[in-house]
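Below you'll find the structure, written out as structure tokens, and then a few comments.
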Amino acid sequence: MMCRVLLIVMLVFGVTAATAQNGPLRIEITEGVIEPLPVAIPDLVPENAEAAAMGQQLSRVIAADLAGTGLFREIPANAFISQITDFAAPVQYADWKAINAQALVTGAVTVIGDQVTVKFRLHDVFSDTELGEGLQFAGTTDGWRRIAHKVADVVYSRITGETGYFDSRVVYVSETGPKNERRKRLAVMDYDGANVQYLTGSEAIVLAPRFSADGNRVLYTSYETGFPRIYVLDVGSVQQRVLESQQGTMSFAPRFAPDGQTVVYSLSQGANTDIWAMNINSGQSQRLTSTPAIETAPSFSPDGSQIVFESDRSGSPQLYIMPAGGGEAKRISFGEGRYGTPVWSPRGDLIAFTKQTQGRFHIGVMRIDGSEERLLTASFLDEGPTWSPNGRVIMFARETQGAAGRSTLYSVDITGRNLRPVRTPEGGSDPSWGPLQR
Amino acid sequence: MTLKPILMICAVLSVAACTDPGRFGADDVTSNAGLGAGGVVPGSANDPTSPAYFQQAVGDRVLFAVDQSTLTPEGRATLEGQAIWLLQNADFTAVIEGHADEQGTREYNLALGARRADAARAYLVSQGVQAGRLQVVSYGKERPIEVCSEEACYAKNRRAVTVLAGGLTS
């Protein structure tokens, strides 16, 4: 019901484009961008009457995506010297150079019934040429924002050399009410907070939803039975089922393995909490840790071979890595403070985590050997990092202090720049960022 | 105009029902006890066999130090009272809820709440309460009773609460 089918037609049109793959128009993200690249994104040209409103809507979403990265700065339309009124007409590069637009996105849109078709070109203004080939995307009018995100992903990808992340979704916990009567329900939204859809009611506490690698299923913890149990939900049908569990135990903190068949989670029996793995189809489970300490928050490496998790076996919560089948764990966090909720980056090279030190909370990243720890945020309570599909941005939840405390989703670059709230209709916590959609 | 006072009493009762029972101090119990045996209302806090009595006179909760699940001397004394009551009122089962303050991650606090609930459970069992009558659940930091972000509130939120779950025969 929620899958707006997006038919993507990638047509190459025009033969004038000279691809300038290593041209001057390039952002090296790793260097930490201080001066955003000026980009002009005129309204897409409506090619029929039905498309009249769509041209501006699409350009606004494309612009918001790009400017939202902190890597681009949009040049306002009132500074434009020439207007784009005909997509096929040659671009007057001099007019765009004069306003210092280094990149220019031109496009056209056609709406026929419930079908939207968008064609666009990315121009490297100071090279008087196009960057890459013109492309065309088609989809339904309901899913028009996805088309804009697709265009922005291409622009981002061509200029940075990295995969984009705009056409992606986030599952999270939507929150209302004061701290002592908070109501929580699962929700899924576009990465930018648009198109929120609620997946559960708020009768029972729900916690920490986690997407499968393909974005089709979500694991989460619910108190529906009065005790924390793990559920798996199909995002398309919103059908859910509870996973097998032993009487008298509590299970929580689930995450999928990359193959989508194995689930790792925490199981509390008496005072002890260990990490277990379960085959989601057979219900067969296996214990992976066996110390009397708290072991929780497991997260797989992208190749599925290792698990990073949190344990207080040393006396305070720290991060450890063990083989996916269990066995000897190696401690990787050694800084001052308490470490929790480690999440392996999709590139495999970094671990994001929550750190508590001197009464403050931080979201940070470290290499998988624990070196080069970097704290990206600081506040009264930041927790629960999740990676953008390209491993460049981290989303997390920030709760404010005191009786009126409220939880809000934020995102931040792994450089520590570009901290910004993600606007959701209600409060938000426990985000899990899904894959780039196909 | 006889209707008016009755309505007002109803209103007061409903407000009381909404108030967190944890905020009732020993004072309430003392003043109720003054009614004497003839004044005992079955099920009320001065009926020694009632859950309300258990909650208010015996004390339904024990508190913990920061990041700890070790019982304090006060906590053990409260649990000893709970055990005596549970042995005398053998029809009741209980769910022990473990809770944490907000200073910790969600997952860690769930596990910490399990430790606290289990510490209370194990102590009750050591005092003779049948293990089969007790269940544990952790709410982590999901259900604070106090909402300020200060130690005064955190101290009350780091708790294990013994919630009576109806009579065995009911």
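Because the structure is a prediction, the values reported are computed rather than measured. Letters A, B, ... are given to chains in the order of the sequence lines, protein chains preceding strands, and every chain is numbered from 1.
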Can we say A/Glu383 and A/Lys355 salt-bridge, meaning some charged N sits less than 4.0 Å from an Asp/Glu carboxylate O? no
Under 4.5 Å, heavy atom to heavy atom, which residues of residues 101-115 of chain B contact chain A? B/Glu102, B/Gln103, B/Gly104, B/Thr105, B/Arg106, B/Glu107, B/Tyr108, B/Leu110, B/Ala111, B/Leu112, B/Ala114, B/Arg115
So which residue, A/Arg182, A/Glu310, A/Glu181, ends up with the most heavy-atom pairs under 4.5 Å with chain B? A/Glu310
Quick one: what part of A/Phe252 sits under 4.5 Å from any heavy atom of chain B, side chain, backbone, both or neither? side chain
Can you tell me how far the CZ atom of A/Arg338 sits from the CD atom of A/Gln356, to the nearest 0.5 Å? 5.0 Å
Note, A/Thr200 side chain near A/Tyr220 side chain (heavy atom, < 4.5 Å): yes
With chain B as the partner, which of A/Lys179, A/Gln269, A/Glu399 has the greatest number of non-hydrogen pairs under 4.5 Å? A/Lys179
Which atoms of A/Pro298 approach chain B - backbone, side chain, both or neither, heavy atom under 4.5 Å: neither
Tell me, for A/Ile294 versus chain B, whether the close heavy atoms (under 4.5 Å) come from the side chain, the backbone, both or neither. both
From the options A/Glu426, A/Glu203, A/Glu175, select the one residue that forms a side chain to side chain donor-acceptor pair (under 3.5 Å) with A/Arg185. A/Glu426
side-chain hydrogen bond (donor to acceptor under 3.5 Å, both in side chains) between A/Ser268 and A/Thr273, intermediate numbers included: CA-CA 4 Å; A/Ser268 291; A/Thr273 300; 2.7 Å; yes
Chain B contact via A/Asp312 - side chain, backbone, both or neither, heavy atoms under 4.5 Å: side chain
Can you pull the salt bridge (Lys or Arg N to Asp or Glu O under 4.0 Å) pairs that have at least one residue in residues 287-299 of chain A, sequence neighbours excluded? A/Asp274-A/Arg287, A/Glu295-A/Arg313
Among A/Ala253, A/Gly270, A/Gly405, the residue with the most heavy-atom pairs under 4.5 Å to chain B is A/Gly270
Applying a strict 4.5 Å limit to non-hydrogen atoms, the region of B/Ser138 in contact with chain A is both
If you count heavy-atom pairs under 4.5 Å with chain B, which of A/Leu381, A/Thr221, A/Asp430, A/Thr249 comes out on top? A/Asp430
So do B/Ile145 and B/Asn157 actually touch side chain to side chain, heavy atoms under 4.5 Å? yes
Under 6.0 Å between ring centres: does that hold for B/Phe92 and B/Phe54? no
Specify which of A/Ala297, A/Gly402, A/Ser266, A/Ala404 makes the most heavy-atom pairs with chain B at under 4.5 Å. A/Gly402
A/Lys184/B/Glu142 ion pair, N-O < 4.0 Å: yes
Is there a side-chain contact between A/Phe353 and A/Val343 (heavy atoms, below 4.5 Å)? no
Do side-chain atoms of B/Arg76 reach the backbone of B/Leu71 as a donor and acceptor pair under 3.5 angstrom? yes
